[in-house]
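Comments concern the structure below.
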Amino acid sequence: MHAVIPFTGQVETEEQNTWIEAINTRSQLCRITPIDQLSENDKLAAEMAIVANPDPATLKQLQNLKWIQSLWAGVETIFASDIDSDIKVVRLTDPQLAESMAEAVLAWSLYLHRKMPQYRSQQNECRWNPLSLQLPEDCNISVFGLGKLGAKAVARLKLNGFTVRGWSRGEKAIDQVETFHGNSGLHQILPLTDIAVVLLPLTAQTENLFDATLLKQLPKGASVINFARGRIIVDSDLLAALDNDHIDHAVLDVFVQEPLPHDHAFWTHEKTTVLPHISAPTTIATAAAIAAGNIDRYITSGVIPDAADRSTGY
Ligand code: NAP
């Protein structure tokens, strides 16, 4: 006898079905079912649900919900909704996602370090112009956010020989990496940064964090990579800093509005690289195995996996 577990999310039916099949084939104990196919009794019996960007109104149909397993890594939209604050929110923490993100951070750090945007524009003008090569140890990369993703990114950048620093909310020790924390640490790390890699969650504290005042504290000629959330950087302030040549280049994978609207200046700015939220796509096989394992453990032992913290927002 399998436990019936609701699935709810604002995703295409095809994507929903792919997730449901992937989790059901990896779980010994549950049968994930779209919420609109559940009986009223099934909805009342549901203590947990699988969600992918859920509509809060739909979630409220589950009156005895204790926890939800999100298939997304960020939980800011769930925390911003009016769902019952007693419901624990478990975000997707997948080592494969962290590996993909670390690879993306290395790839686009190398893209900036080896001046690929400049060579692309020189080629557009048929211009043969070798630029000086900086050694990786002379390139200072600061990773903002040292969580599941940031920590792996730091390790991958170190392997390539970059001088890596990191910033987090609480104090952190990472072997051979200078770390900073809190507001005072932010002001210390910014002037030491050639490439700023943003891997922070979107919270009340990080929203609009990278504004004109903060961007000014980066050295002239620094670059920014945002792989976290669009609202952490103030678009207009970043555009102004690119236009006045304070910031050299911005690699942006996440935006306030996604897809990025056609008329947004980021699309055509010569100093931006726009990516369609691809730095660390979810791998369905590994993510489904993690979700299935969490559900089966809950069914057999009643243990709810570590949940995100409402008070900090991540
Ligand atoms: P995480 O494990 O929760 O780590 C968050 C890190 O940010 C921690 O080091 C935390 O500090 C730090 N932090 C949080 N608030 C801070 C503040 N106010 N000041 C300084 N540091 C602060 O998160 P994660 O799994 O690494 O993921 C980070 C974000 O990446 C997600 O929230 C999501 O938005 C984004 N993401 C993007 C993609 C993509 O494809 N572009 C994919 C997955 C995730 P402490 O260590 O002190 O707690």
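In each ligand, atom 1 is the first atom listed, and ligand 1 is the first ligand listed.
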The atoms of ligand 1 lying under 4.0 Å from a heavy atom of Leu97, numbered in the order shown, are 43 (C)
Do His113 and Phe162 make the cut of ring centroids closer than 6.0 angstrom? yes
Does a salt bridge link Glu76 with Arg231, judged by any charged N lying under 4.0 Å from a carboxylate O? no
Students should be able to answer this: which protein heavy-atom is nearest to atom 18 (N) of ligand 1, and at what distance? Gln205 CB, 3.6 Å
Looking at ligand 1, would Glu171 count as a contact under a 4.0 Å heavy-atom criterion? no
If we set the cut-off at 4.0 Å for heavy atoms, which region of Arg169 has an atom near ligand 1: side chain, backbone, both, or neither? both
I need the atoms of ligand 1 closer than 4.0 Å to a non-hydrogen atom of Ala228, numbered in the order shown. 34 (O), 35 (C), 37 (C)
In ligand 1, the atoms that come under 4.0 Å of a heavy atom of Ala73 are 43 (C), 44 (C)
Provide the number and element of each atom of ligand 1 under 4.0 Å from a heavy atom of Gly145. 6 (C), 7 (O), 9 (O)
Indicate whether any N or O donor in one side chain lies under 3.5 Å from an N or O acceptor in the other, for Ser311 and Asp309. yes
Under 4.0 Å between a Lys/Arg side-chain N and an Asp/Glu carboxylate O for Lys271 and Asp243? no
Taking 4.0 Å as the limit for heavy-atom contacts, which would you say applies to His277 with ligand 1: side chain only, backbone only, both, or neither? side chain
Shortest protein contact, atom 19 (N) of ligand 1 (heavy atom only): Trp167 CH2, 3.2 Å
The reported gap from CH2 in Trp72 to OG1 in Thr77 (rounded to nearest 0.5 angstrom) is 6.5 Å
Short list, please: which atoms of ligand 1 are under 4.0 Å from a heavy atom of Leu146? 6 (C), 8 (C), 9 (O)
Can the ring centroids of Tyr314 and Phe79 be said to lie less than 6.0 angstrom from one another? no
In terms of atom number and element, which parts of ligand 1 are under 4.0 angstrom from non-hydrogen atoms of Lys172? 45 (P), 46 (O)
Sort out for me which residue in Ile50, Val51, Asn17 forms a side-chain contact (heavy atoms from CB on, under 4.5 Å) with Phe7. Ile50
Among all protein heavy atoms in this structure, tell me which lies nearest to atom 38 (C) of ligand 1, with the distance rounded to 0.1 Å. Met101 CE, 3.6 Å
In this structure, atom 48 (O) of ligand 1 is nearest to the protein heavy atom Tyr314 OH, 2.5 Å
Need the ligand 1 atom indices (1-based, order shown) with element for anything under 4.0 Å from a heavy-atom of Phe227. 37 (C), 38 (C), 39 (C), 41 (N)
Asp82/Lys60 salt bridge by N-O under 4.0 Å criterion: yes
What about Phe180 and Leu146, same hydrophobic cluster or not, with Ile/Leu/Val/Met/Phe/Trp/Tyr joined at side-chain heavy-atom distances under 4.5 Å? no
Leu149 and ligand 1 - part of the residue with a heavy-atom distance under 4.0 Å: both
So, does His181 sit close enough to ligand 1 that a heavy atom of it is under 4.0 Å from the ligand? no
Atoms of ligand 1 under 4.0 Å from any heavy atom of Leu199, numbered from 1 in the order shown, are 28 (C)
For atom 47 (O) of ligand 1, which protein heavy atom lies nearest, and how many Å away is it? Gly170 N, 2.6 Å
Looking only at non-hydrogen atoms, which of Pro201, Pro281, Ala280 approaches atom 31 (C) of ligand 1 most closely? Pro201
Do Val143 and Ile225 belong to the same hydrophobic cluster, where Ile, Leu, Val, Met, Phe, Trp and Tyr are linked whenever their side-chain heavy atoms lie under 4.5 Å apart, directly or via other members? yes
Indicate the ring-plane relationship of His249 and Tyr111, choosing parallel, tilted or perpendicular according to the 30° and 60° boundaries. perpendicular
Below 4.0 Å from ligand 1: does a non-hydrogen atom of Asp253 turn up there or not? yes
Kindly compute the distance separating CG (Leu71) from CD1 (Ile290), expressed to the nearest 0.5 Å. 10.5 Å
protein heavy-atom neighbour closest to atom 29 (C) of ligand 1 works out as Leu200 O, 3.7 Å
Select the closest option to atom 4 (O) of ligand 1 among Gly147, Gly74, Gly166, judged by heavy-atom distance. Gly147
Let me check something: do Ile32 and Leu62 share a hydrophobic cluster, defined by ILVMFWY side-chain heavy atoms less than 4.5 Å apart, either directly or through other members? no
Structural part of Arg229 in contact with ligand 1, heavy atom criterion under 4.0 angstrom: side chain
Decide if atom NZ of Lys115 counts as having more than 12 heavy atoms of other residues, nucleotides or ligands within a radius under 6.0 Å. yes
